[in-house]
Protein chains: 2
Amino acid sequence: MKKNTPTKSYGQSCSVARALDVFGERWTLLLIRELLTGPKRYTDLKTYLAGINAKLLSDRLKQLEAQGVVEKIDLPSPANATAYALTPAGEALEPAIIALAKWGLQFAAAPARKARSFPHWSVLAMKAMFNPERATNLNISCQFLVESTEIYAVIKSGTFLSGLGRIPAPDVIVTCNEAAFAEFDGSVKTVRNLLDSGKIVIEGSRRDFLKFASCLVLKS
Amino acid sequence: MKKNTPTKSYGQSCSVARALDVFGERWTLLLIRELLTGPKRYTDLKTYLAGINAKLLSDRLKQLEAQGVVEKIDLPSPANATAYALTPAGEALEPAIIALAKWGLQFAAAPARKARSFPHWSVLAMKAMFNPERATNLNISCQFLVESTEIYAVIKSGTFLSGLGRIPAPDVIVTCNEAAFAEFDGSVKTVRNLLDSGKIVIEGSRRDFLKFASCLVLKS
DNA sequence: CGGCATCCATTTTGATACTG
DNA sequence: CAGTATCAAAATGGATGCCG
């Protein structure tokens, strides 16, 4: 007989401790981070979690399913596969994960050179960097095409929306490879360099794109 | 020769992963939670973390010190002991921990009956529950006296401030024992019950206290 | 390929005792 | 009070193999 991963609890009534009872184990929050950009299949998760053990991924998914944070869904027509998605309780973790990302951007050590990177992570990163104060009365939509990853980002009078996929009629279309995209941050200097060196190419107003970028700052 | 806890890294450039590289291990975030209500001594931390291994506590403190999140300080005159405090980088984790607390309040399973509880945790809990929209044009200060724990909370036109200790001339003084205080939440019904049953006693306007409580809601 | 189980080495934790 | 030391129990990581 097997133990059902009895999820070692902190046994504290504090809401932080109870939250960590659910997703405080290694890999769990990163798994949720992945699902915040949309449902993903087992193998994709294994890829993006970069080195997680297959068994561990299975275990975590089952745990999160049992706790009502993740659910198994059937992908529609073309894929016709099963995938994992967040439940509303899982989606509700976005603010917390963005808060962690903000801290990481400001205070964590710079990523190691050999650190892995995937373009879709910037969906969250941009949300973490967005500064509403810089975006009052600003409306710009961007479509990023980073090798095979499509990312959109929309600034609409102080709010920010981003995700994977395409939007119709974006103001700016940004094309680049993963390496160049990884360098992209809100700094005007960086963006000018990327543009001038041709590492990223835009279709649309350069001025608009710079305005867009200026709303993304490390310090909130 | 000993290994210096090489802090197994996720090796991802994602800011969430880098943040978790710093405090993603078991107990670490709870340790930071403790320090968010002010510097604490080793033994107090051991008490409040309710069951943490002494060695583990030592290890975590050293790690966090090495990472610039925690620092050892000398407590002034009466205590004359050493204690641990957060650095600015550590303090900057408050929004993230409050975000986790908000999730825990809304979605985590109710605490087990045998779960441990300490009154000072409510400093964070109240911050997590505070709803600015309910507090426009409201100014109330409360002093809670819960056995040997003193907690203050101040609502000042949409902002919320709370911590351990006393404030001068509070509008309401609330006295109760730990058990009663643990039942306290923003629900008007609960508060009325606690008041009517005499489990908590207030000095000052009951109306004010109810207004104060009504700003604390589980759902943000 | 997607998903899970098994075996085994390495780490992390936990329980308990012990010291200045 | 403020930790260290020791040893046992889990959790994790990696390799491998199975099955639809």
Side-chain angles (χ1 to χ4, degrees), chain A residues 1-12 17 20-31 34-35 39-66 70-75 78-85 116, chain B residues 1-12 17 20-31 34-35 39-65 70-76 78-85 116:
Chain A
M1 206 177 322
K2 259 202 235 159
K3 277 207 195 162
N4 284 348
T5 50
T7 303
K8 188 176 329 187
S9 162
Y10 286 110
Q12 302 183 359
L20 292 175
D21 281 343
V22 175
F23 49 75
E25 284 170 302
R26 192 164 165 74
W27 293 109
T28 307
L29 270 175
L30 294 187
L31 175 47
E34 287 306 322
L35 298 182
K40 302 253 183 309
R41 293 187 300 177
Y42 181 90
T43 311
D44 293 329
L45 290 172
K46 199 156 179 303
T47 303
Y48 297 140
L49 292 182
I52 191 176
N53 184 321
K55 172 180 170 41
L56 216 34
L57 179 52
S58 288
D59 288 350
R60 293 289 181 271
L61 285 168
K62 273 180 213 150
Q63 267 178 259
L64 290 174
E65 231 184 309
V70 161
E71 62 187 351
K72 232 169 167 164
I73 61 168
D74 289 316
L75 243 42
N80 226 63
T82 64
Y84 296 89
R116 292 213 174 221
Chain B
M1 210 193 291
K2 255 198 237 167
K3 276 208 196 161
N4 285 347
T5 49
T7 304
K8 187 174 333 189
S9 162
Y10 287 110
Q12 303 183 359
L20 293 174
D21 281 343
V22 175
F23 49 75
E25 285 170 303
R26 191 163 166 75
W27 292 110
T28 307
L29 270 175
L30 294 187
L31 174 46
E34 287 306 321
L35 298 182
K40 303 252 182 312
R41 293 187 300 177
Y42 181 91
T43 312
D44 292 331
L45 290 171
K46 200 158 179 301
T47 304
Y48 297 141
L49 291 181
I52 191 177
N53 185 321
K55 172 177 170 41
L56 215 35
L57 179 53
S58 288
D59 289 350
R60 292 287 180 273
L61 285 168
K62 274 179 213 150
Q63 267 179 258
L64 290 174
E65 230 184 310
V70 161
E71 63 188 350
K72 230 169 169 164
I73 59 167
D74 289 316
L75 243 41
N80 226 64
T82 64
Y84 296 89
R116 292 211 174 223

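Just so we're on the same page: letters track the sequence lines, and every chain starts at 1.
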Peer 1: Would you find a donor on one side and an acceptor on the other, under 3.5 Å apart, between the side chain of A:Y42 and the backbone of A:S58?
Peer 2: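 Such a contact is absent between A:Y42 side chain and A:S58 backbone.
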Peer 1: Within the 4.0 Å heavy-atom criterion, would you say A:K46 contacts the bases, only the backbone, or no part of the nucleic acid?
Peer 2: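 The residue A:K46 makes no contact with any strand.
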Peer 1: Please check the phosphate of D:dA10 (OP1 and OP2 only) for any side-chain N or O of B:R26 closer than 4.0 Å.
Peer 2: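 Negative; the distance criterion is not met.
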Peer 1: Tell me whether the side-chain N/O atoms of A:S58 come closer than 4.0 Å to OP1 or OP2 in C:dG3.
Peer 2: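 So the side chain of A:S58 is outside the cut-off, no N or O lying under 4.0 Å from OP1 or OP2 of C:dG3.
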Peer 1: Expressed in angstrom and rounded to an integer, what is the separation of B:L57 atom CG from D:dG3 atom C1'?
Peer 2: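 Between C1' of D:dG3 and CG of B:L57: 9 Å.
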Peer 1: Can you find a side chain N or O atom of B:K40 that sits less than 4.0 Å from OP1 or OP2 on D:dA2?
Peer 2: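 Negative; the distance criterion is not met.
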Peer 1: From C-beta outward on B:K8, which listed nucleotide comes closest to its side chain: C:dT12, D:dC1, C:dT13?
Peer 2: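 Nucleotide nearest to B:K8's side chain: C:dT12.
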Peer 1: D:dG3, OP1 or OP2 - any side-chain N/O from B:K72 closer than 4.0 Å?
Peer 2: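 Yes, within the criterion.
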Peer 1: Would you indicate, yes or no, if C:dG14 has its OP1 or OP2 atom less than 4.0 angstrom from a side-chain nitrogen or oxygen of B:W27?
Peer 2: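 So the side-chain polar atoms of B:W27 do come within 4.0 Å of the phosphate oxygens OP1 or OP2 of C:dG14, strictly under.
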Peer 1: Looking at A:T82, does any N or O in its side chain come under 4.0 Å of the phosphate oxygens OP1/OP2 on C:dG3?
Peer 2: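 Result: yes.
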Peer 1: A cation-pi test, strictly: NZ or CZ of B:R26 under 6.0 Å from the centre of the six-membered ring of A:Y10 and no more than 45 degrees from its axis. Yes or no?
Peer 2: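 Yes.
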Peer 1: With a cut-off of less than 4.0 Å, is there a side-chain N or O of B:K55 near OP1 or OP2 of D:dA8?
Peer 2: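 For D:dA8, neither OP1 nor OP2 has a side-chain N or O of B:K55 closer than 4.0 Å.
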Peer 1: Among the nucleotides D:dG3, D:dT4, C:dT13, which one has an atom lying closest to any side-chain atom of B:Y84?
Peer 2: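 Between D:dG3, D:dT4, C:dT13, the one nearest the side chain of B:Y84 would be D:dG3.
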